[in-house]
Amino acid sequence: MTGWSPSTVARRLAELRAGGALFFDVEVDAGLYGVNTRALLWMSVRPAELDRVATALSAHDELAFVAATTGPTNLVAQALCRDPADLHRYLTRRLGTLPAVRTLETSPVLRNLKAASPSLTGLPTRGV
């Protein structure tokens with residue numbers, strides 16, 4: 001309990017959201033939407049083509065996220081597919097047609113042990 005009125009709390013939450021300090025990240029059981037096969041995709045793309053490829057991949061419905069990284073693979077994505085055959089079709093018929101993707105490693109995700117952000121215990125907190 002803050003001791004604040006509901007209107008004060010609502011106003012403060014709106015300020016925090018508008019300033020980007022507060023956002024909502026919702027996790028959904030993808031299986032409820034027919035997704036039974038997940039995989040992390042590690043790609044190597046020429047640096048000059050990284051933005052173009054990442055932007056193209058961001059339009060692929062099969063990908064939950066796309067991010068630039070560093071090292072031998074500089075682009076990572078998570079694929080969400082109905083089944084292994086669907087993943088194979090995506091990799092060979094859609095992703096595989098992008099000539100800028102020089103290499104691809106696929107890591108199936110069999111189970112998540114922890115999906116949310118770590119608890120930030122021990123960090124100083126400020127009042128809302």
Side-chain angles (χ1 to χ4, degrees):
M1 296 295 236
T2 64
W4 295 352
S5 70
S7 63
T8 299
V9 171
R11 186 180 69 252
R12 183 65 180 132
L13 286 173
E15 291 169 358
L16 290 169
R17 287 185 68 201
L22 175 67
F23 64 91
F24 298 98
D25 189 4
V26 179
E27 290 192 31
V28 177
D29 180 1
L32 296 173
Y33 297 95
V35 172
N36 297 303
T37 300
R38 295 176 293 149
L40 290 175
L41 311 177
W42 303 93
M43 295 163 269
S44 177
V45 176
R46 285 184 343 126
E49 299 182 80
L50 192 59
D51 284 345
R52 184 181 61 75
V53 172
T55 300
L57 293 178
S58 71
H60 289 197
D61 291 337
E62 298 88 349
L63 300 180
F65 75 85
V66 177
T69 63
T70 60
T73 57
N74 54 1
L75 202 57
V76 63
Q78 183 179 32
L80 303 176
C81 299
R82 287 186 301 276
D83 53 42
D86 191 33
L87 175 62
H88 179 76
R89 279 188 297 277
Y90 172 69
L91 295 176
T92 58
R93 297 181 187 169
R94 192 141 188 226
L95 185 60
T97 63
L98 297 174
V101 177
R102 296 185 311 196
T103 64
L104 169 67
E105 293 182 34
T106 304
S107 302
V109 176
L110 303 178
R111 178 174 61 147
N112 278 347
L113 298 178
K114 185 173 184 178
S117 298
S119 174
L120 300 177
T121 59
L123 294 179
T125 58
R126 297 188 322 192
V128 178

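Only this structure's heavy atoms are used, side chains among them; waters, hydrogens and symmetry mates stay out. Model, not experiment: these values are computed from the prediction.
Side-chain contact check for L95 versus L63: every heavy-atom pair is 4.5 Å or farther apart.
Hydrophobic side-chain contacts under 4.5 Å tie L110 to no other Ile, Leu, Val, Met, Phe, Trp or Tyr residue.
Not a single side-chain hydrogen bond (donor to acceptor under 3.5 Å, both in side chains) links H88 to another residue, sequence neighbours left out. When the salt bridge (Lys or Arg N to Asp or Glu O under 4.0 Å) test is applied to E49, the partners found at least two apart in sequence or on another chain are R46, R52. In this view, R17 satisfies the side-chain hydrogen bond (donor to acceptor under 3.5 Å, both in side chains) rule with no residue, not counting sequence neighbours. By the side-chain contact (heavy atoms from CB on, under 4.5 Å) test, A85 pairs with D83, R89, sequence neighbours left out. With sequence neighbours excluded, the residues forming a side-chain hydrogen bond (donor to acceptor under 3.5 Å, both in side chains) with S7 are S5, listed by chain and number. Considering only residues two or more places apart in sequence or on other chains, A64 meets the side-chain contact (heavy atoms from CB on, under 4.5 Å) condition with Q78, L80.
The two residues A54 and L75 have their closest heavy-atom pair at CB-CD1, 4.0 Å.
With hydrophobic clusters built from ILVMFWY side chains whose heavy atoms lie under 4.5 angstrom apart, V76 shares a cluster with V109.
Of the possible polar contacts, none joining the T92 side chain to the G96 backbone as a donor-acceptor pair under 3.5 Å is found.
Applying the side-chain hydrogen bond (donor to acceptor under 3.5 Å, both in side chains) rule to pairs touching residues 58-68 yields H60-Y90, E62-R94, sequence neighbours excluded.
Between the CG atom in L91 and the CG atom in L104 there is a gap of 6.0 Å [rounded to 0.5 Å].
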Listed pairs under 3.5 Å, donor-acceptor, residues 35-45 side chains, sequence neighbours left out:
from	atom 1	to	atom 2	distance (Å)
S44	OG	P72	O	3.3
S44	OG	R102	NH2	3.2

